[in-house]
There are 2 protein chains.
Amino acid sequence: MEEGTSNSPSYSCRTEDDYGVMQWHVREDCEVRQILDRIADKWSLLVISLLDRQTLRFTQLKQEIDGISQRMLTTTLRHLERDGLVRRTVHPVVPPRVDYALTPLGATLHTTIQALVDWTEHHQPEIAAARAAYDAAAAQSAP
Amino acid sequence: MEEGTSNSPSYSCRTEDDYGVMQWHVREDCEVRQILDRIADKWSLLVISLLDRQTLRFTQLKQEIDGISQRMLTTTLRHLERDGLVRRTVHPVVPPRVDYALTPLGATLHTTIQALVDWTEHHQPEIAAARAAYDAAAAQSAP
DNA sequence: CAGAATCCTGTCGGATACTG
DNA sequence: CAGTATCCGACAGGATTCTG
């Protein structure tokens with residue numbers, strides 16, 4: 001596989017620095033970043049959302065998630081499985097049948113994520129307004 | 001500017017589909033994705049974390065965040081400012097002084113984000129164990 | 001000091017074709 | 001059905017240089 005199974009994190013997370021009192025933020029981020037990368041990539045959040053309701057098969061997921069390629073669905077599911085958030089169950093029948101479900105750990109993550117989703121829906125008008133104001137001001141100064 | 005000021009979202013968010021009961025997940029994600037992209041990019045979370053404690057200047061942020069380029073600090077701050085999460089204050093002095101602070105909206109986002117950070121720190125051992133188990137099993141079947 | 005502009009690279013992710 | 005294997009374009013983002 002060309003990607004996804006690498007053990008090296010995407011970000012440097014250097015810890016050899018010692019010149020600032022708040023540098024711990026950077027180190028804290030080393031752990032946060034890994035899970036954040038998991039939930040924040042293009043499709044993981046959708047998958048977790050869907051699986052929170054029910055167990056789904058590969059093809060069902062592909063149909064529910066509009067626009068995903070089977071390549072990205074596969075890698076997304078592998079990532080989630082590796083992190084213990086999703087359980088993959090292969091039924092030894094022909095044609096093959098593979099079920100995906102959230103693990104208990106994955107369910108707790110979904111709960112936490114939901115808070116973020118709620119925040120977004122709640123404050124979306126404010127963000128839209130802020131963007132409109134910003135863009136208007138930018139258009140003003142650069143006509 | 002080559003990037004960052006584009007109004008088009010990074011993801012397609014197609015809404016013309018109507019073949020599934022759960023397709024709303026995809027539409028819901030259209031709003032979620034935008035704020036998720038904001039907090040999940042490489043540096044925004046760090047910036048929000050730092051500014052939650054105090055107002056900081058550009059150079060202070062650059063020093064606190066180990067490894068960031070001034071290019072990415074600038075674009076990150078512009079994004080956060082555009083979304084109304086960070087307030088940029090220019091003091092008309094020479095040499096120039098620019099302060100960055102969280103807006104009230106940004107502060108509420110930080111609170112929500114903190115729940116995710118806490119989840120991560122709390123469950124990090126489980127994730128690490130799951131990864132180790134997965135990698136061990138993978139090494140087993142592919143020697 | 002606080003950036004803007006330019007160049008260049010690695011990586012993400014889509015399209016396609018092939019299997020058990 | 002549920003993947004794997006390749007190829008390849010787009011874009012995020014680092015290094016560097018230049019200003020008000």
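Hydrogens, waters and symmetry mates are skipped; everything else that's a heavy atom, side chains included, is used. Letters go in sequence order (proteins before strands), and every chain restarts at 1. Quantities reported herein were computed from a predicted structural model and do not represent experimental measurements.
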Are any non-hydrogen side-chain atoms of [X] and [Y] less than 4.5 angstrom apart?
X	Y	result
B/Ile35	B/Leu85	yes
A/Tyr100	A/Val47	no
A/Thr103	A/Val86	no

Just compare [options] and give me whichever is closest to any side-chain atom of [X].
X	options	answer
A/Pro96	D/dG3, D/dC1, C/dA2	D/dC1
A/Thr59	C/dT16, D/dA2, C/dG3	D/dA2
B/Met72	D/dC1, C/dG3, D/dG13	D/dG13
A/Arg57	C/dG13, D/dG14, D/dA2	D/dA2
A/Trp43	C/dG14, D/dA2, C/dG3	C/dG14
B/Thr74	C/dA15, C/dA4, C/dC1	C/dA4
A/Gln70	D/dT17, D/dG3, D/dA2	D/dG3
B/Arg71	D/dG13, D/dA2, C/dG3	D/dG13

Please tell me if [X] has a side-chain N or O lying less than 4.0 Å from either OP1 or OP2 of [N].
X	N	answer
B/Arg78	C/dG3	yes
B/Arg97	C/dG3	no
A/Tyr100	D/dC1	no

What is the separation between atom [atom1] on [X] and atom [atom2] on [N], rounded to the nearest whole Å?
X	N	atom1	atom2	answer
B/Asp37	D/dC11	CG	P	14 Å
A/Leu77	D/dC1	CG	C1'	14 Å
A/Ile65	C/dG13	CD1	P	13 Å
B/Asp41	D/dG14	CG	P	11 Å
B/Lys42	D/dA12	NZ	P	13 Å
A/Arg38	C/dC12	CZ	P	10 Å
A/Ile68	C/dT16	CD1	P	17 Å
B/Leu73	C/dA5	CG	P	17 Å

* What are the two closest non-hydrogen atoms of B/Leu105 and B/Asp83, and how far apart are they? -> CD2-O, 4.0 Å
* Report yes or no: do A/Val93 and A/Phe58 belong to one cluster of Ile/Leu/Val/Met/Phe/Trp/Tyr joined by side chain heavy-atom distances under 4.5 Å? =>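 No: no chain of side-chain contacts under 4.5 Å links A/Val93 to A/Phe58.
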